[in-house]
Amino acid sequence: MSLRHALLGLLAEQPASGWDLTRRFEELLGQVWPAGHPQIYGELRKLQDDGLIEVESEGPRGRKAYRVTEAGIAEVRRWLTATEVDHTIRMETLLRSVFFWLMTPDEIAEHLDREAAYFHGLAARLRELADAKDAGVYGHGPQAESLRIAAEAGIRVTEALGDWADWAQSVPPARPETPARPETPARS
């Protein structure tokens, strides 16, 4: 996913300041694609330089509110419809599981307990949001409908990861080993 396109999509909903975008980004996308305040401000400058957004207003202390331009809408639509999806998933949870063999069985069990609790808890929070959306709390417009679809994906993925952590606890524990060191060639 491109930070650039995520910001354009958020600004397509409504004009916002960098601070507002940071909060909105964390609220909507923080679990999927974290981005810090400096990253967002840097990208906003690039988007403005490229003519994809413009300053709508400037408030106290130089606070700027940005809006997406027609070129910005065209760019985010191009990204949505004409570029290949990057299916790369970077998940530290799964990366760590590759190296469970370096942990004791108790360490693995504790780790998997924490992972299961985290993912099941996140799925429950996402389910609450989805239920609120279904009850009409967030309205019924296209943005709300799209967010509901995204929330369902989040629910299903996090439930699956929680179920994986539960399942992994039933697997016989790995035995920690000292990794073999490569032999040093003899010097002649």
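For this chain, numbers begin at 1 and follow the sequence in order.
For the atom pair OG1 (Thr81) and CZ (Arg77), the distance works out to 6.0 Å, reported to the nearest 0.5 Å. To the nearest 0.5 Å, the span separating OG on Ser17 from OH on Tyr66 amounts to 9.0 Å. Interatomic distance, Ile155 CD1 to Arg127 CZ, rounded to the nearest 0.5 Å: 3.5 Å. In this structure, the separation between CG on Leu10 and CD on Glu13 is 5.5 Å, given to the nearest 0.5 Å. Taken to the nearest 0.5 Å, the CD atom of Glu92 stands 11.0 Å off from the OG atom of Ser97. Distance CD/Glu152 to CG/Leu147: 13.5 Å, rounded to 0.5 Å.
A donor atom on one side chain and an acceptor atom on the other are not found under 3.5 Å apart for His120 and Glu159.
Listed for the Tyr138 side chain is no donor-acceptor partner under 3.5 Å among the backbone atoms of Glu145. Side-chain atoms of Gln39 come within 3.5 Å of backbone atoms of Gly36 as a donor-acceptor pair (strictly under, hydrogens ignored). Side-chain atoms of His87 come within 3.5 Å of backbone N or O of Val85 as a donor-acceptor pair. Looking at Thr69, its side chain does come within 3.5 Å of a backbone N or O of Gly51 through a donor-acceptor pair. With Lys133 contributing its side chain and Ala151 its backbone, the two residues share no donor-acceptor pair below 3.5 Å. Between the side chain of Glu107 and the backbone N or O of Thr104, at least one donor-acceptor pair lies under 3.5 Å. No donor-acceptor distance shorter than 3.5 angstrom exists from the side chain of Asp50 to the backbone of Leu52, with no hydrogens or angles considered.
Contact of the His5 side chain with the Leu80 side chain is not registered, since no non-hydrogen atoms from C-beta on lie closer than 4.5 Å. Two residues are said to be in side-chain contact when any heavy atoms from C-beta on lie closer than 4.5 Å; Leu11 and Leu44 meet this criterion. No side-chain heavy atom of Thr158 sits less than 4.5 Å from a side-chain heavy atom of Tyr118. Looking only at side-chain heavy atoms (C-beta outward), Glu54 and Val68 stay at 4.5 Å or farther from each other. Side chains of Trp167 and Leu112 form no contact here, defined as non-hydrogen atoms less than 4.5 Å apart. Contact annotation: the side chain of Lys64 never approaches that of Glu56 to less than 4.5 Å [non-hydrogen atoms, C-beta and beyond]. At a threshold of 4.5 Å between non-hydrogen side-chain atoms, the residues His37 and Glu26 do not count as touching. Considering only heavy atoms from C-beta on, Thr93 comes within 4.5 Å of Trp164 through its side chain.
Gln169 and Asp113 get closest at one heavy-atom pair: OE1-OD1, 2.9 Å. Across all their heavy atoms, Gly9 and Val76 have their closest contact at N-CG2, 4.1 Å. Residues Ala116 and Asp166 come closest through the heavy atom pair CB-OD1, 3.3 Å. Between Trp19 and Tyr41 the shortest heavy-atom distance is N-OH, 3.1 Å.
Criterion: ILVMFWY side-chain heavy atoms under 4.5 Å apart, direct or through other members. Under it, Leu7 and Val55 are part of a common hydrophobic cluster. There is no path of hydrophobic side-chain contacts, each under 4.5 Å, that joins Ile149 to Val157.
The environment of Arg78 atom CZ is dense: over 12 non-hydrogen atoms of other residues, nucleotides or ligands sit within 6.0 angstrom.
Ion pairing between Asp20 and Arg63 holds under the 4.0 Å rule for side-chain N and carboxylate O. Under the 4.0 Å criterion applied to side-chain N and carboxylate O atoms, Arg96 and Glu115 are not assigned as salt-bridge partners.
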Discussion item. One pair to check against side chain to side chain contact (heavy atoms under 4.5 Å, CB included): Arg148 and Asp134. What are the steps and the verdict?
Written reply: CA-CA 8 Å; Arg148 175 60 179 90; Asp134 293 345; 2.8 Å; yes

Worksheet entry | Worked verdict on Arg45 versus Gln48 for side chain to side chain contact (heavy atoms under 4.5 Å, CB included) | CA-CA 5 Å; Arg45 281 189 295 280; Gln48 187 176 5; 5.6 Å; no

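In this pair, Phe100 and His111 present their aromatic rings perpendicular. The plane angle is above 60°, beyond the 30 to 60° band.
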